Amino acid sequence: MRFSTIVAALLPVGAAFAQTTHTVKVGANGGLTYEPSSITAANGDTIQFQFLSKNHTVTQSTFAAPCSNVTDATGLVTGVDSGYLPVAAGATEFPVWSITVNNASTPLWFYCRQGKHCQAGMVFAVNPTADKTFDAFKAAAAKSDAVDGSKQSSTGGAAASGASGTGAGASGTGSASGAAGTAAGATPSPSAAANNNGAGAVQFGASALFMTLAGLSAGLLL
């Protein structure tokens with residue numbers, strides 16, 4: 001089993017020793033899961049997502065709208081997003097995408113944009129709190145009517161209404177190495193390059209774009 005990854009951020013030498021890398025398995029055993037589904041991370045920690053099956057994303061959302069993209073007041077998407085990273089049956093190489101936690105005092109919320117995976121419980125949290133728990137986030141996701149990151153209706157979800165919010169505290173990068181080929185970079189959320197919420201965009205190559213579009217058009221292994 002091989003994983004291919006790119007370092008998410010370059011830290012000062014002194015800070016590197018304090019950094020922890022948290023590994024999260026995406027779609028382990030063919031399930032609609034992130035394992036673990038919630039972690040506690042410190043500033044500078046890296047979260048490495050290992051895509052193991054089917055065709056999933058790791059997409060930033062908000063506690064208020066678990067299955068919707070993070071957007072600004074104009075509707076532009078500002079949250080980090082791995083993009084669709086399909087894994088062929090029998091693959092021996094797997095995509096890896098990483099984010100760096102920039103603000104550990106703010107919870108971070110993520111979901112899979114594929115179909116109704118979010119509503120089925122494919123959600124993930126970093127540093128949830130007593131007031132905003134992972135269980136409440138997952139319960140709200142189950143009631144969401146958002147599709148592929150669309151804005152949630154006023155009646156969808158249980159945590160709160162609305163899809164806009166701040167996605168502070170994460171920047172991401174990665175590589176899409178798999179049976180179909182190797183592509184440098186991970187797909188960012190649209191318009192993430194000009195945000196001010198701490199979620200940095202990552203450029204991607206033509207091969208990564210091809211893999212993402214293939215996942216969108218074919219809906220591989222839903």
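It should be emphasised that the depicted structure is a prediction, and the values quoted were computed from it without experimental measurement.
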Spell out, as yes or no, whether a donor-acceptor pair under 3.5 Å connects the side chain of Gln114 to the backbone of His56. no

For the residue pair Phe124 and Phe110, does the interplanar ring angle fall in the parallel (under 30°), tilted (30 to 60°) or perpendicular (over 60°) class? tilted

Disulfide bond (SG atoms under 2.5 Å apart): pairs with one or both residues in residues 36-105, sequence neighbours excluded: Cys67-Cys118

Does the side chain of Phe94 reach to within under 4.5 Å of the side chain of Phe51, using non-hydrogen atoms? no

Roughly how far apart are Asp145 CG and Lys116 NZ, rounded to 0.5 Å? 6.5 Å

Is it true that a side-chain atom of Asn69 and a backbone atom of Thr78 form a donor plus acceptor pair closer than 3.5 Å? no

Please say whether more than 12 non-hydrogen atoms of neighbouring residues, nucleotides or ligands are located less than 6.0 Å from NZ in Lys132. no

Would you say that Val87 contacts Leu52 through its side chain, given a criterion of any heavy-atom pair below 4.5 Å between the two side chains? no

So does Val101 get a backbone contact from the side chain of Asp45, meaning a donor-acceptor N/O pair under 3.5 Å? no

Do Ser37 and Phe134 make a side-chain contact, defined as non-hydrogen atoms from C-beta onward lying under 4.5 Å apart? yes

Test of understanding: with side-chain contact (heavy atoms from CB on, under 4.5 Å), list the residues that count as partners of Thr74, not counting sequence neighbours. Asp72, Leu76

Any Phe49 side-chain heavy atom under 4.5 Å of Pro95 side chain: no

Using a 4.5 Å cut-off on heavy atoms from C-beta on, say whether the side chain of Asp131 contacts that of Phe63. no

Below 3.5 Å, can you tabulate the donor-acceptor pairs from side chains in residues 24-36 to any protein atom, sequence neighbours excluded?
unit_1: Tyr34; atom_1: OH; unit_2: Thr57; atom_2: O; d: 2.7
unit_1: Tyr34; atom_1: OH; unit_2: Tyr111; atom_2: O; d: 3.2
unit_1: Tyr34; atom_1: OH; unit_2: Cys112; atom_2: N; d: 3.1

For Gln19 and Ala42, indicate whether the former's side chain and the latter's backbone hold a donor-acceptor pair under 3.5 Å. no

